[in-house]
Asks: 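So that we are looking at the same thing, I have put the structure below in structure tokens.
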There are 2 protein chains.
Amino acid sequence: MSDLLERLRRRGWRMTAQRRVIAQILDGDHVHLTADEVHTRAARLLPEISRATVYNTLGELVVLGEVAEVTVDGRAKRYDPNTRRPHHHLVCTRCGTIRDVHPTGDPLTRLPADRRLGFTVATADIVYRGLCPDCGVGSTA
Amino acid sequence: MSDLLERLRRRGWRMTAQRRVIAQILDGDHVHLTADEVHTRAARLLPEISRATVYNTLGELVVLGEVAEVTVDGRAKRYDPNTRRPHHHLVCTRCGTIRDVHPTGDPLTRLPADRRLGFTVATADIVYRGLCPDCGVGSTA
DNA sequence: TCTTGACTTGGACTGTGTCCATCGTAGGAT
DNA sequence: ATCCTACGATGGACACAGTCCAAGTCAAGA
Ligand SMILES: [Mn+2]
Ligand SMILES: [Mn+2]
Ligand SMILES: [Zn+2]
Ligand SMILES: [Zn+2]
């Protein structure tokens, strides 16, 4: 069972069937589902769960820092349960696969103070785009 | 007059009043307007211009490589006429200001081959988030 | 000036996300 | 075990961003 549920219980969350199902779906690495994808999967386990509940729960998990919102295109936001260590993303421009990636060093050192235009920079979101192994050179699929 | 229009004419584009005003609006540095913002400004010069034409024209400019789409949040895409040199973006988390920024070196060197999970990486989109000079420490506004 | 196909237009339509009044229930109190 | 009630769930209306289409308009070459 996911320790996400354990952390949530400790935070005083009321445990409902809906929240259990959503937490169960948001478990594992390289998970970057849209709200509708979460809803579809949740509905297989709990047919009458509503879209509003999925949006509410995801929003609360984001506020608690238990999941991160990831925007890799102008489409639907994706929800990422891997918040233990911050990371960046590799996106396949052909099939859309998204994978977690850990660049070397602190991404902020790339941006020296004299190029920051007076900003106080806190974070860097990086999306690397290219072709995944399945879609890369030589693929005829 | 913008040299964007000159490049477009050379590419055989039919010059219409709508395209002229859109090209005129998409001129300068640190310009990152949404489609609706472009439409609002265009309508001040050409009251009957339609939203569909703004979307059509922006889409064509993107295909031609004359403007870049920038996604800094889950909201509307932004259109960036600064495609001469690739660059990244500083976003103020308080007021939303977006500015162009040029980190040192090639952003892809941060991601060594053994961390690329077999991807063939082509580009890196980077969004630095923080507070702009107006919103930074000590601002009471 | 005429012709024609590329461009523009308004509106219908889709996808994504928010809001709200009402209903249901988890979990503490008894 | 049962009751209470505040918190959570629900469905539907709504808002925003973007796409699509049939019909009308016009830029530019003949
Ligand atoms: Mn991730
Ligand atoms: Mn820019
Ligand atoms: Zn792929
Ligand atoms: Zn600011």
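Worth knowing before you read on, the calculation uses all heavy atoms, side chains too, and leaves out hydrogens, waters and symmetry mates. A, B, ... follow the sequence lines: proteins, then strands. Residue 1 opens every chain.
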Asks: Using heavy-atom distances to pick each residue's nearest nucleotide on DNA chain D, tell me which of B/Y79 and B/N56 is more 5'.
Replies: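 Closest to the 5' end, via its nearest nucleotide, is B/Y79.
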Asks: Considering all heavy atoms of both residues, which atom of B/P81 and which atom of B/V31 are nearest to each other, and what is their separation?
Replies: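 Scanning both residues completely, I find the closest heavy atoms to be CD-O, 3.3 Å.
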Asks: Quick check on contacts: within residues 64-74 of chain A, what sits under 4.0 Å from DNA chain C by heavy-atom distance?
Replies: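 Here the set is empty: none.
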Asks: Less than 3.5 Å apart, any donor N or O on the side chain of B/D100 or B/H88 sitting next to an acceptor on the other?
Replies: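 B/H88 and B/D100 do not have a side-chain donor-acceptor pair below 3.5 Å.
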Asks: Judged by modelled atom types alone, do B/H89 and B/H87 share a side-chain donor-acceptor pair under 3.5 Å?
Replies: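 Yes, side-chain donor-acceptor contact under 3.5 Å.
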Asks: When you compare the side chains of B/T109 and A/R110, does any donor N or O come within less than 3.5 Å of an acceptor on the partner?
Replies: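 B/T109 vs A/R110: donor-acceptor pair found between side chains.
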Asks: Which residues within residues 46-53 of chain B lie with some heavy atom under 4.0 Å of an atom in DNA chain D?
Replies: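 Going residue by residue through residues 46-53 of chain B, the ones with a heavy atom under 4.0 Å of DNA chain D turn out to be B/R51, B/A52.
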Asks: Can you check the B/E60 CD to D/dT19 P distance for me, whole Å?
Replies: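 For the pair B/E60 CD and D/dT19 P, the rounded distance is 12 Å.
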Asks: Give the minimum heavy-atom separation between B/L117 and A/P133, together with the two atoms involved.
Replies: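 Looking at all heavy atoms of both residues, the closest pair is O-CG, 3.3 Å.
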Asks: Using atom CZ of A/R75 as one end and atom C1' of D/dA17 as the other, report the distance to the nearest whole Å.
Replies: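 Those two atoms, CZ and C1', are 12 Å apart.
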Asks: Quickly work out the B/K77 NZ to C/dG15 P distance and round it to whole Å.
Replies: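 After rounding, the reported distance stands at 15 Å.
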Asks: Does C/dT18 have OP1 or OP2 under 4.0 Å away from a side-chain N or O of A/Y55?
Replies: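 No.
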Asks: Is there a residue in residues 8-20 of chain B whose heavy atoms reach under 4.0 Å of DNA chain D, and which residues are they?
Replies: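 Residues of residues 8-20 of chain B under 4.0 Å from DNA chain D: B/R14, B/M15.
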Asks: How close or far is atom P of C/dG11 from atom NE2 of B/H39, stated in whole angstroms?
Replies: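 Rounded to whole Å, this separation is 12 Å.
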Asks: Does a side-chain heavy-atom distance below 4.5 Å link B/L46 with B/I49?
Replies: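 A side-chain contact exists here, since the closest heavy-atom pair is under 4.5 Å.
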Asks: Would you say B/V101 and A/L111 make side-chain contact, with heavy atoms under 4.5 Å?
Replies: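 Yes - at least one pair of side-chain heavy atoms lies under 4.5 Å apart.
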Asks: Could you check whether any side-chain heavy atom of A/L26 comes within less than 4.5 Å of a side-chain heavy atom of A/D80, counting everything from C-beta outward?
Replies: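 Side chain of A/L26 against side chain of A/D80, heavy atoms only: no contact under 4.5 Å found.
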Asks: With B/E66, which of B/R11, B/R19, B/R10 fulfils salt bridge (Lys or Arg N to Asp or Glu O under 4.0 Å)?
Replies: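 Only one of B/R11, B/R19, B/R10 forms a salt bridge (Lys or Arg N to Asp or Glu O under 4.0 Å) with B/E66, namely B/R11.
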Asks: A side-chain contact here means heavy atoms from C-beta on lying under 4.5 Å apart; do B/D36 and B/R51 qualify?
Replies: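 Yes. Closest side-chain heavy atoms under 4.5 Å.
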Asks: Check the side chains of B/H30 and B/R99 for a donor-acceptor pair under 3.5 angstrom, ignoring hydrogens and angles.
Replies: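 The criterion, which ignores hydrogens and geometry beyond distance, is satisfied for B/H30 and B/R99.
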